[in-house]
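Step one of this worksheet: look at the structure below.
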Amino acid sequence: MTPRSRYRPLARDFFARSTESVARDLLGAFLVVEDGGQRRVGRIVETEAYDGFDDRASHASKGPTKRNQVMFGPAGHSYVYLIYGMYNCLNVVTAEPDYPAAVLIRAVEPVEGTQGETNGPGRLTRGMGIDRRYNLLDATAPPLYYSAGTGPAPQIIATPRIGVDYAGEWAEAKRRFIDVNSEFVSRPPIKRSRKKK
DNA sequence: CTCGGGATTGAG
DNA sequence: TCAATCCCGAGC
């Protein structure tokens, strides 16, 4: 194995694009956390796009609040929030200011320094030591940033997002993107469990 | 201030 | 199928 000598932060213009483009292009990229002399790295294999004012699955659909305000700000900043009282979810803000949008990072493959499972939004934040202290931080520089992927491009498919059944027609939008060749996707597309309603 | 629910996970 | 667990946002 060749040690990866250096990770280079993706710049703001990478994130200041359409949310779907960013969500797709983050697949295969590295999520890097450098904190306290420790480096933790994961290869992103699953993302979801939360885009615009009308997306009812998005926190931003009810307008700006204290919690979601970072989604209305400039691209390339972290949005970290606590869900179900125990799990942190990591997002990176996309698009232009005043247009609320972000990409949820849902799963990474362990590359360096991670602990436990990282195949799930709550699991990857736990495994990489990410909590709400990272909220609002600039994600184009340490302690948390993204770095371009290496090797062959991932094979991408789009599916509906997870856990947003309350969002009406927006629950069906194919705004979840996964690398089908990865074994670390939170919910593999292989079987469609029976529909319950 | 009270109340209801959630971009999840793991157990039963 | 359901509980854990607590912050946030809405409403009184």
Inset, instruction - Would you give the length of the straight line joining atom OH of Tyr99(A) to atom CD of Glu96(A), rounded to the nearest 0.5 angstrom? - result: 7.5 Å

Inset, instruction - Using a cut-off of strictly less than 4.0 Å, decide whether Arg106(A) has a side-chain nitrogen or oxygen near OP1 or OP2 of dT8(B). - result: yes

Legend entry - Salt bridge Arg39(A)-Glu112(A), side-chain N to carboxylate O under 4.0 Å: yes

Inset, instruction - Using the closest heavy atom to pick a nucleotide of DNA chain C for each, name whichever of Arg132(A) or Met86(A) lands nearer the 5' end. - result: Met86(A)

Inset, instruction - Whole angstrom is fine here: how far is it from CD in Gln69(A) over to C1' in dG9(C)? - result: 15 Å

Inset, instruction - Could you tell me which residues satisfy salt bridge (charged side-chain N to carboxylate O under 4.0 Å, His left out) with Glu48(A), sequence neighbours excluded, listed by chain and number? - result: Arg106(A)

Inset, instruction - Could you tell me the separation between the CD atom of Glu48(A) and the C1' atom of dT8(B), rounded to a whole number of Å? - result: 12 Å

Inset, instruction - Have a look at Arg56(A) and say if it touches a base, only the backbone sugar-phosphate, or nothing, with a 4.0 Å heavy-atom cut-off. - result: nothing

Legend entry - Integer-rounded Å distance: dT8(B) P and Glu117(A) CD: 17 Å

Legend entry - Flag, side chain of Asn135(A) to backbone of Val80(A), donor-acceptor distance under 3.5 Å: yes

Inset, instruction - For the pair Asp179(A) and Arg24(A), find out whether any cationic side-chain nitrogen is under 4.0 Å from an anionic carboxylate oxygen. - result: no

Legend entry - Nucleotide dT8(B), atom P - distance to CZ of Arg176(A) in whole Å: 10 Å

Legend entry - Proximal nucleotide (of dA7(B), dT9(B), dG9(C)) relative to the Arg67(A) side chain: dG9(C)

Inset, instruction - Kindly confirm or rule out a cation-pi arrangement of Arg17(A) over Phe14(A), judged by NZ or CZ under 6.0 Å from the six-membered ring centre and within 45° of its axis? - result: yes

Inset, instruction - Mind checking which stems touch DNA chain C? I mean at least 3 consecutive Watson-Crick or G-U pairs, both distances under 3.5 Å. - result: B:1-6 with C:6-11, B:8-11 with C:1-4

Inset, instruction - Without swapping roles, check the side chain of Glu46(A) against the backbone of Ser186(A) for a donor-acceptor pair under 3.5 Å. - result: yes

Legend entry - Protein-nucleotide distance (Lys62(A), atom NZ; dA7(B), atom P), rounded to Å: 10 Å

Inset, instruction - Return the value, rounded to whole Å, for the distance between atom CH2 of Trp170(A) and atom P of dA7(B). - result: 16 Å

Legend entry - Basic-acidic side-chain contact under 4.0 Å: Arg126(A), Asp131(A): no

Legend entry - Heavy-atom protein contacts under 4.0 Å, nucleotides 1-6 of chain B, coded B base, S sugar-phosphate only, - none: -----B

Inset, instruction - Grab the OH-C1' distance between Tyr81(A) and dT8(B) for me, whole Å please. - result: 9 Å

Legend entry - Value rounded to 0.5 Å, distance of CZ in Arg8(A) from OH in Tyr145(A): 10.5 Å

Inset, instruction - Starting at atom CG of Asn68(A), determine the distance to atom P of dA10(C), rounded to an integer number of angstrom. - result: 9 Å

